[in-house]
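A quick write-up on the structure given underneath.
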2 protein chains.
Amino acid sequence: MMAPVTIATQTAMDMRVARASVSFNVETVRDYLFAGRPNWETHKKIEDILKSDPVFDKSQSNFIGRVDAYERALAITKRLIELQRIHGWSKQERDQAAFILSEVLPIGLHNVAFEPVFLGQASSAMMLEYWDLVSNKGIQGCYLQTELGHGSNVACLETTATYIPETQEFEVHSPTLTSTKWWIGGLGKTATHGIVQAKLILPGGEDVGPHLFLVQLRSLEDHTTLPGISIGDVGPKACGGLAAMDNGYARFHHIRIPRTNMLSKFAEVTEDGRYVQPRNPKHSFGGMMYIRASMVTTAGWTIARAITIAIRYTTVRRQGERDEHGLERQVIQYPSTYYRLIPILSRAYVFIVLGRQTMKEFTIIRGHLDRGDFTKLPEVHAILCGLKVLVTSAAVRDLETARRALGGHGYSAFAGIGRLYADYLPAVTYEGDNFVLDGQVVRAAVKAYRASLSTPASPLGAHSGYIRFLKGENPKPVVDTTAWEDSDAIICLLEWRAALVLKGFVETMDELDANANQRLSKAVTDAFIAVQIGKMITGLDLLPRQEGDIIRALHHLYLLTTAEDALVDLFSTGLLHQSGDRELRLAIKHHCALLLPNAIGLTDAFSLSDWALDSALGMSDGRVYEELWRRAQFEPLNQLGTTPGYYKSLRPMLQEGQKLAKRVNSRL
Amino acid sequence: MMAPVTIATQTAMDMRVARASVSFNVETVRDYLFAGRPNWETHKKIEDILKSDPVFDKSQSNFIGRVDAYERALAITKRLIELQRIHGWSKQERDQAAFILSEVLPIGLHNVAFEPVFLGQASSAMMLEYWDLVSNKGIQGCYLQTELGHGSNVACLETTATYIPETQEFEVHSPTLTSTKWWIGGLGKTATHGIVQAKLILPGGEDVGPHLFLVQLRSLEDHTTLPGISIGDVGPKACGGLAAMDNGYARFHHIRIPRTNMLSKFAEVTEDGRYVQPRNPKHSFGGMMYIRASMVTTAGWTIARAITIAIRYTTVRRQGERDEHGLERQVIQYPSTYYRLIPILSRAYVFIVLGRQTMKEFTIIRGHLDRGDFTKLPEVHAILCGLKVLVTSAAVRDLETARRALGGHGYSAFAGIGRLYADYLPAVTYEGDNFVLDGQVVRAAVKAYRASLSTPASPLGAHSGYIRFLKGENPKPVVDTTAWEDSDAIICLLEWRAALVLKGFVETMDELDANANQRLSKAVTDAFIAVQIGKMITGLDLLPRQEGDIIRALHHLYLLTTAEDALVDLFSTGLLHQSGDRELRLAIKHHCALLLPNAIGLTDAFSLSDWALDSALGMSDGRVYEELWRRAQFEPLNQLGTTPGYYKSLRPMLQEGQKLAKRVNSRL
């Protein structure tokens with residue numbers, strides 16, 4: 001006689017059935033996501049090394065406070081560099097290892113901010129003196145820009161660096177509380193050196209604005225803070241995010257550094273205190289642009305993690321109506337579930353590929369910048385701002401939507417999405433607050449529009465193609481029932497929408513309504529991404545038909561949900577008429593349902609191992625309930641037996657209540 | 001000579017200026033929010049007692065782990081009950097004290113779930129035996145419904161209670177891993193007793209579905225878990241939420257309880273094992289409905305906290321463009337900021353008043369239920385479901401919007417919104433997952449519509465008035481430019497929208513698009529709230545003109561932003577035509593700008609003291625930077641000096657890097 005099927009064994013069966021129903025080759029799609037099999041093989045090779053190493057064990061991460069999380073992060077950092085040397089990893093392979101680990105590391109800002117800024121702006125003398133130390137992590141650097149009282153507006157920073165010709169030194173000083181450098185990653189407990197943004201004050205008292213200075217912060221002997229500097233950690237973050245990162249503060253009390261510590265590739269102060277102008281003031285854009293470009297890829301993979309968890313769990317979780325076998329329905333089979341989740345899956349795919357394209361394009365532009373050609377800079381800057389806003393806003397929203405689809409268990413830390421969310425959340429405010437960046441996108445779009453009106457013959461920039469619809473008389477496209485099945489038609493519609501929203505914006509600039517910037521920025525960036533998706537779809541011809549069709553359907557779904565998100569604009573600009581949303585929504589439903597049987601395969605293609613995913617609900621074998629149970633056993637409260645609080649508080653309270661109850665009873 | 005004005009002193013000046021510009025009497029509005037001055041006076045009296053008591057100190061909350069947070073919560077609970085006895089507080093005053101504290105307490109579920117369920121469903125014999133103990137907290141109770149494998153679908157719970165006539169006992173048993181009770185508040189470390197939802201199995205093997213049983217869990221002598229029961233805490237929550245709450249699990253291994261431990265007010269098992277039917281199976285709705293009704297008020301006050309922080313901080317934070325005094329602009333003066341924040345303020349006001357109205361109405365309905373009159377139950381159930389979905393979804397979104405408006409510092413735990421968010425987040429999935437509850441709203445709406453079509457003469461339920469537009473021939477309202485200034489016109493428009501969305505839903509029920517439930521539920525609930533706001537606005541005539549006008553403007557803004565949120569529906573149903581959104585958005589901008597000079601006064605009216613708000617950025621005197629600095633000094637990482645991790649990991653890493661750098665240098 002067979003043992004009865006329990007719910008816990010049913011989950012594993014459900015997962016097997018879901019895998020068996022996948023109709024495409026998962027490895028082919030995986031290789032597409034990794035941009036080729038060799039990349040995936042490297043990824044696999046590195047992950048196998050990492051996941052077998054006890055230093056990278058994640059089992060206690062949910063239970064430890066910041067102090068232990070910081071210590072653990074340092075141990076991980078050390079081991080990562082050891083492994084690099086042991087296995088002879090290239091810099092790229094080491095970065096890939098850090099990416100696979102996805103742990104918050106205090107060294108992160110050395111790699112992402114300190115090193116590139118140093119490389120980009122240090123003079124050759126400084127490079128000779130420091131570069132080997134910097135690149136070999138013989139010193140640990142941080143990048144001190146933001147102040148307690150000042151964020152994105154660099155021009156208002158208060159920290160000063162005053163040149164003293166007598167000693168050929170700069171005096172770095174924090175004149176006020178609000179000039180305290182704040183939020184600086186890696187500063188709180190780790191960094192030995194920092195690049196400090198400070199207003200350069202010339203001997204005559206002239207303020208020539210913010211410049212960069214290398215300042216040693218801690219002793220290389222014993223790591224104590226150097227005299228005249230106060231350093232500390234800024235405290236815990238919202239939702240327990242980035243716990244292991246020692247975001248720090250620093251105040252400088254009239255400290256002196258040599259004249260040669262100014263990062264002077266583009267501007268310098270001579271020995272006698274004369275200021276030599278920067279060759280081109282736009283030189284510092286490169287670093288920030290690089291970070292923004294890389295955020296597209298990061299958003300894609302962060303969404304990939306959350307959606308893998310959500311699709312796996314809702315595949316094995318059964319709840320509600322009974323099906324024909326007497327089982328409750330799989331949660332993912334409810335339209336209100338898959339209509340939420342499959343579009344998120346499509347965004348993960350689009351952002352991963354878009355991130356790759358963006359980096360490629362950015363590398364070309366950087367080549368131009370290095371050769372002193374800045375003509376394309378404004379347009380690329382604007383589009384990177386728009387992409388940063390769009391992908392980070394979408395990712396934060398998608399993480400929470402995925403978490404909610406998990407139902408009650410989504411609120412467990414063991415579900416794994418809560419931590420992803422907490423760590424990812426600052427992306428909407430760092431590297432430029434999203435609401436501020438929208439203004440950059442708008443400015444560039446308005447400029448491009450006016451330029452195209454004033455000189456109609458001039459060619460449009462590569463990212464302003466949508467403005468062509470405003471030149472001359474173009475009839476608006478007709479949205480009939482077939483339009484929603486035609487990717488090109490939707491791309492065209494989204495470009496038309498950007499064009500008309502831009503036109504409306506310019507025509508009402510004397511009295512804008514308050515969210516106008518946000519709507520225009522979104523419209524412009526949606527159109528840009530839509531055009532990129534057009535190119536991606538063309539590129540799919542290189543894949544086998546089956547796999548190409550699946551990814552094409554995902555890309556098409558991205559376009560459809562973008563159009564749905566744009567409905568107000570589409571109606572308002574007359575591109576869509578009354579009831580026009582119904583056909584669109586039916587098309588979305590149709591595409592979601594079409595992709596549903598392959599959902600598990602499409603998440604498997606991300607190749608996120610159980611170790612990498614670190615989620616009880618995202619277990620690849622579907623055994624989610626065993627894993628929730630197993631993890632709960634580690635909870636420190638469960639190691640305690642009767643708590644001290646019982647003796648101190650609970651017992652006296654209960655006893656008092658029992659006494660009162662007896663007294664009441666005796667009165668009866 | 002005057003000392004130069006630093007940014008840190010400027011913030012306090014900005015706050016004073018903002019307060020001075022308030023054009024209404026803050027105390028009058030405060031009394032309105034508290035439903036009368038006597039209520040506020042009680043509130044103040046209790047808060048003064050609490051905030052001076054060191055047990056309720058909050059200064060370390062951001063730094064402690066779950067174990068310490070739990071201990072602290074027990075100490076708070078004990079002190080709260082002591083204070084109740086010392087000051088002779090009524091139950092209502094004690095509840096008010098707990099509300100003012102706003103701390104997560106393990107005792108919470110005793111008060112909100114155990115006690116009311118006990119009171120509602122225990123037989124009179126059980127009441128006589130236990131009630132004094134329950135009400136005096138001589139025992140600590142929890143309510144065990146949810147299981148590891150089952151959430152909202154009570155019919156599928158696996159735990160069994162099998163009646164054994166020989167001994168007149170029930171045997172309570174958890175037959176599978178997934179039948180483990182899970183997420184039970186207060187169970188992990190605290191409760192001595194629990195009310196367990198279990199399938200009642202009669203001697204013949206017949207399963208008569210879920211019933212309630214009182215089970216002792218822990219010894220009243222030494223608090224050890226009783227034999228045959230496994231109990232533990234389910235582990236940490238996402239984003240560090242509800243850290244002090246010991247949500248727990250329990251498994252029962254064939255444990256026995258007396259027959260009389262069944263909560264048998266409505267159904268019982270006789271000594272010989274016969275089942276006596278419940279008088280009315282709807283009896284258990286009361287408790288859940290009470291909790292949902294109270295969630296409207298909670299949402300209002302939770303939003304009030306976040307928006308107070310956001311409006312205060314953006315009033316004193318200056319960033320970006322210079323104004324005529326050479327100062328950067330106050331962040332709140334940017335349209336992209338106040339357009340986000342003032343509507344949130346309006347929701348806090350509306351939900352607080354709406355919560356009060358809902359509770360009043362619910363009390364009347366409860367009276368009907370107690371008298372056995374269930375006629376209004378379905379409609380009230382549906383509207384409470386809709387309100388629960390709408391206010392919790394809105395509150396979660398508003399908390400995050402408010403946090404983001406703080407810029408980078410919003411990500412600090414000291415900002416205070418992160419914790420509000422983490423603790424509030426499960427509200428969208430507990431007490432009925434919002435996506436499931438939408439279905440309840442839809443079912444009731446469709447039923448009401450069909451009933452009204454089949455018997456056109458029958459009166460519409462109090463919450464289905466909007467369906468009147470579908471009876472007979474009614475011309476759609478004309479939205480001209482004056483419409484957006486007329487509250488009644490907007491209320492009418494929102495009712496029309498609900499009616500037409502409902503009609504469209506019913507007409508397409510053979511092929512619904514997937515989000516149809518969500519859109520209809522939102523439309524119906526928006527219309528309900530709009531009608532309630534109409535009543536609130538009428539009630540404002542009792543206030544002095546100045547204060548009445550201000551609150552009227554807030555209510556009107558709520559209606560305007562609800563209409564904005566409904567734009568897709570308004571366009572799709574033909575209630576609005578191309579470009580019709582512009583006038584609406586200008587009206588929103590106009591009303592936000594109108595309310596802006598009074599924003600600080602409107603947040604002051606919530607009377608949230610610095611102690612209650614516990615936010616560095618929400619300091620009432622504007623001294624936000626001093627407070628961020630002060631709090632950072634408590635960070636445990638800052639107490640450490642050089643960390644152990646330096647010696648273990650960082651120093652070896654740096655030394656290795658320095659060695660390598662020398663080697664590289666010597667090669668040159």
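Below, chains carry the letters A, B, ... as their sequence lines are ordered, and counting in each starts from 1.
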Heavy-atom side-chain proximity of A:L650 to B:T190 below 4.5 angstrom
yes

Whatever's closer than 4.5 Å to a heavy atom in chain A on B:S135 counts as neither

Turns out that what part of A:L148 lies under 4.5 Å from chain B's heavy atoms comes down to both

Distance col, row B:D233:CG vs A:Q633:CD, nearest 0.5 angstrom, shows 10.5 Å

Turns out that what part of A:E328 lies under 4.5 Å from chain B's heavy atoms comes down to side chain

Whatever's closer than 4.5 Å to a heavy atom in chain A on B:P175 counts as neither

Under 4.5 Å to a heavy atom of chain B? For A:V396 that would be side chain

Highest number of heavy-atom pairs under 4.5 Å with chain B among A:G235, A:G580, A:S412 belongs to A:S412

Rounded to the nearest 0.5 Å, the OG1 atom of A:T176 sits from the OH atom of B:Y625 at a distance of 10.5 Å

If one checks every heavy atom of B:Q655 against chain A at 4.5 Å, the contacting part turns out to be neither

CZ of A:R582 to OG1 of B:T508, rounded to nearest 0.5 Å, is 4.5 Å

Ranked by heavy-atom pairs below 4.5 Å to chain A, first place among B:R79, B:R322, B:R72 goes to B:R322

Side chain proximity check, A:C239 to B:Y411, heavy atoms < 4.5 angstrom = no

One option among B:L177, B:L133, B:I107, B:T146 has the most heavy-atom pairs under 4.5 Å with chain A, and it is B:L177

So, the part of B:N434 with a heavy atom under 4.5 Å from chain A: the answer is neither

Applying a strict 4.5 Å limit to non-hydrogen atoms, the region of B:R585 in contact with chain A is both

Check: A:L660 and B:R85 side chains under 4.5 Å, non-hydrogen atoms:
yes

If you tally heavy-atom pairs under 4.5 Å between each of B:G641, B:A422, B:P652, B:G408 and chain A, the highest tally belongs to B:G408

If one checks every heavy atom of A:W183 against chain B at 4.5 Å, the contacting part turns out to be side chain

dist A:L570:CG -> B:Q578:CD (nearest 0.5 Å) comes out at 11.5 Å

If one checks every heavy atom of B:A415 against chain A at 4.5 Å, the contacting part turns out to be neither

Output for pair (B:T224 OG1, A:Y646 OH), nearest 0.5 Å, gives 8.5 Å

Measure the acute angle between the ring planes of B:F571 and A:F571, then classify it against the limits of 30° and 60° as parallel, tilted or perpendicular. parallel

Here the pair of heavy atoms bringing B:Q319 nearest to A:G149 is OE1-O, 4.5 Å

The interface call for A:K237 against chain B, heavy-atom contacts under 4.5 Å, is both

So, the part of A:K589 with a heavy atom under 4.5 Å from chain B: the answer is side chain

Counting heavy-atom pairs under 4.5 Å with chain B, the top scorer among A:Y70, A:Y647, A:F634 is A:Y70

When the 4.5 angstrom heavy-atom criterion is applied to B:V234 and chain A, the contacting part is backbone

Would you mind reporting whether B:E400 and A:L425 have side-chain heavy atoms less than 4.5 Å apart? yes

So, the part of B:R403 with a heavy atom under 4.5 Å from chain A: the answer is side chain

Looking only at A:A593, A:G574, A:G240, most heavy-atom pairs under 4.5 Å shared with chain B are made by A:G574

From the list B:R631, B:H577, B:E626, B:K659, the residue making the most non-hydrogen contacts under 4.5 Å with chain A is B:E626

Cut-off 4.5 Å, heavy atoms of chain A, and the answer for B:S336 is both

With chain A, the option among B:L567, B:L586, B:D246 that has the most non-hydrogen atom pairs under 4.5 Å is B:L586

When the 4.5 angstrom heavy-atom criterion is applied to B:L242 and chain A, the contacting part is both

Applying a strict 4.5 Å limit to non-hydrogen atoms, the region of A:D433 in contact with chain B is side chain

Okay, A:H409 and chain B: the region with an atom under 4.5 Å from a heavy atom over there is both

So, the part of A:F63 with a heavy atom under 4.5 Å from chain B: the answer is side chain

Ranked by heavy-atom pairs below 4.5 Å to chain B, first place among A:A238, A:A8, A:G645 goes to A:A238

Whatever's closer than 4.5 Å to a heavy atom in chain A on B:R340 counts as side chain

So, the part of A:Y421 with a heavy atom under 4.5 Å from chain B: the answer is side chain

Counting heavy-atom pairs under 4.5 Å with chain B, the top scorer among A:Q140, A:R404, A:R419 is A:R404

So, the part of A:W182 with a heavy atom under 4.5 Å from chain B: the answer is side chain

Taken to the nearest 0.5 Å, the spacing of B:N515 CG from A:I588 CD1 works out to 9.0 Å

Applying a strict 4.5 Å limit to non-hydrogen atoms, the region of B:T429 in contact with chain A is side chain

So, the part of A:E82 with a heavy atom under 4.5 Å from chain B: the answer is neither

Honestly, the part of A:S649 sitting under 4.5 Å from a heavy atom of chain B is both

Given B:M653, B:E656, B:Q518, the one with more heavy-atom pairs under 4.5 angstrom with chain A than any other is B:M653

Any side-chain heavy-atom pair of A:H150 and B:I7 under 4.5 Å:
yes

Heavy-atom check, side chain of A:K648 versus side chain of B:L74, under 4.5 Å: no

Nearest heavy-atom contact between A:D222 and B:T642 is O-OG1, 4.2 Å

B:R66 and A:P636, any side-chain heavy atoms less than 4.5 Å apart
no

| task | Using modelled atom types only, decide if a donor and an acceptor are shared between the side chain of A:K189 and the backbone of B:L637 within a distance under 3.5 Å. | result | yes

Max heavy-atom pairs within cutoff under 4.5 Å with chain B, candidates A:G65, A:G320, A:A73, goes to A:G320

The interface call for B:Y338 against chain A, heavy-atom contacts under 4.5 Å, is neither

Bottom line for A:S579: the part with an atom under 4.5 Å from chain B's heavy atoms is both

Applying a strict 4.5 Å limit to non-hydrogen atoms, the region of B:Q658 in contact with chain A is both

